[in-house]
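The residues of the chain are indexed from 1 along the displayed sequence.
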Amino acid sequence: MVWMTIISLCIFGAYICAMMYKYGRQDVISEYAYKGGAWLFSICVGLSAALLMPPMIERAPEDFQFLGFLAPAALLFVAAAPHYKNEDSKVHKWSAVLAAVFCVLWGLAVQPVVPIMLALLYALIYPLDEKGRWSNAEFFGLAIPYIILLG
């Protein structure tokens, strides 16, 4: 299952790095769906989420395995509705919120120190980076499964 996590991280990381290089840092990750094309956003986010699902389910305690399913499943909905500024916005926004909540809850169930430390780190940089508050929150939330699964 480690290979699935590594491939997921490579896909998502390469996508984000390429988009940041080409278009600069955006307020939210989903802005890259507009800048770099919705199809590429959907493929990269969807594939990386699908690859994370089995390792997240496997790593979670039995009573919390459903969170390992729900967090990536919500990201699949984000990928399916990449535009957050139009008629897809409700699906995209609610799916993104649910993915974040389920990711944090999964992290708390599996290895609580990781989401707590990331939340503290986020709180430290929050006042220093006004433009990146949302994108930082997204990155910290998405980092939880990767840190736990690869740690």
Side-chain angles (χ1 to χ4, degrees), residues 1-36 41 44-79 81-82 84-85 89-151:
M1 293 286 182
V2 171
W3 66 271
M4 294 176 90
T5 306
I6 292 169
I7 293 171
S8 172
L9 180 60
C10 288
I11 291 168
F12 189 72
Y15 173 75
I16 294 298
C17 288
M19 292 295 110
M20 286 180 84
Y21 178 77
K22 188 167 184 179
Y23 302 108
R25 184 170 163 204
Q26 301 298 309
D27 292 335
V28 292
I29 294 170
S30 298
E31 187 63 31
Y32 295 123
Y34 292 96
K35 305 260 185 201
F41 175 89
C44 292
V45 171
L47 193 54
S48 63
L51 286 165
L52 270 182
M53 192 179 290
M56 286 179 73
I57 292 169
E58 181 183 72
R59 181 74 186 269
E62 190 171 334
D63 291 343
F64 296 99
Q65 288 180 334
F66 70 98
L67 294 171
F69 171 80
L70 291 175
L75 277 177
L76 288 171
F77 278 93
V78 169
Y84 69 97
K85 296 179 183 176
S89 67
K90 287 184 182 178
V91 171
H92 181 95
K93 289 177 183 176
W94 278 105
S95 298
V97 167
L98 290 173
V101 168
F102 293 140
C103 229
V104 170
L105 291 174
W106 177 86
L108 289 169
V110 175
Q111 194 171 348
V113 125
V114 171
I116 291 169
M117 294 305 289
L118 287 173
L120 291 172
L121 182 59
Y122 178 75
L124 288 173
I125 67 166
Y126 182 86
L128 305 174
D129 189 8
E130 190 173 321
K131 179 176 171 44
R133 288 180 177 166
W134 281 109
S135 60
N136 289 339
E138 291 174 324
F139 285 126
F140 279 94
L142 291 169
I144 292 170
Y146 291 114
I147 291 170
I148 290 173
L149 292 170
L150 295 173

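Here E138 does not pair with R133 in a salt bridge; the nearest charged N to carboxylate O distance is not below 4.0 Å.
In summary, of the residues considered (V78, L76, L75), a side-chain contact (heavy atoms from CB on, under 4.5 Å) with S95 occurs for V78 alone.
One distance of note links CG of L120 with CD1 of I125; it measures 12.0 Å at 0.5 Å rounding. A distance of 5.5 Å separates CD1 in I144 from CG in L118, rounded to the nearest 0.5 Å. Put simply, CD1 on I57 and CE on M1 are 8.5 Å apart, with the number rounded to the nearest 0.5 Å. Atom-to-atom distance recorded for S135:OG and M20:CE is 7.0 Å, nearest 0.5 angstrom. In this structure, the separation between CG on L67 and SG on C103 is 9.5 Å, given to the nearest 0.5 Å.
Using a 4.5 Å cut-off on side-chain heavy atoms (C-beta onward), F140 and V104 make no contact. In this structure, the side chains of I29 and F139 come closer than 4.5 Å at one or more pairs of heavy atoms. With contacts defined as side-chain heavy-atom distances shorter than 4.5 Å, the pair Y23/Q26 qualifies.
The number of heavy atoms from other shown groups lying within 6.0 Å of CZ (F77) does not exceed 12.
Y146 and S8 share a donor-acceptor pair across their side chains, judged by distance under 3.5 Å alone.
Ring centroid separation for the pair F102 and F69 does not come in under the 6.0 Å cut-off.
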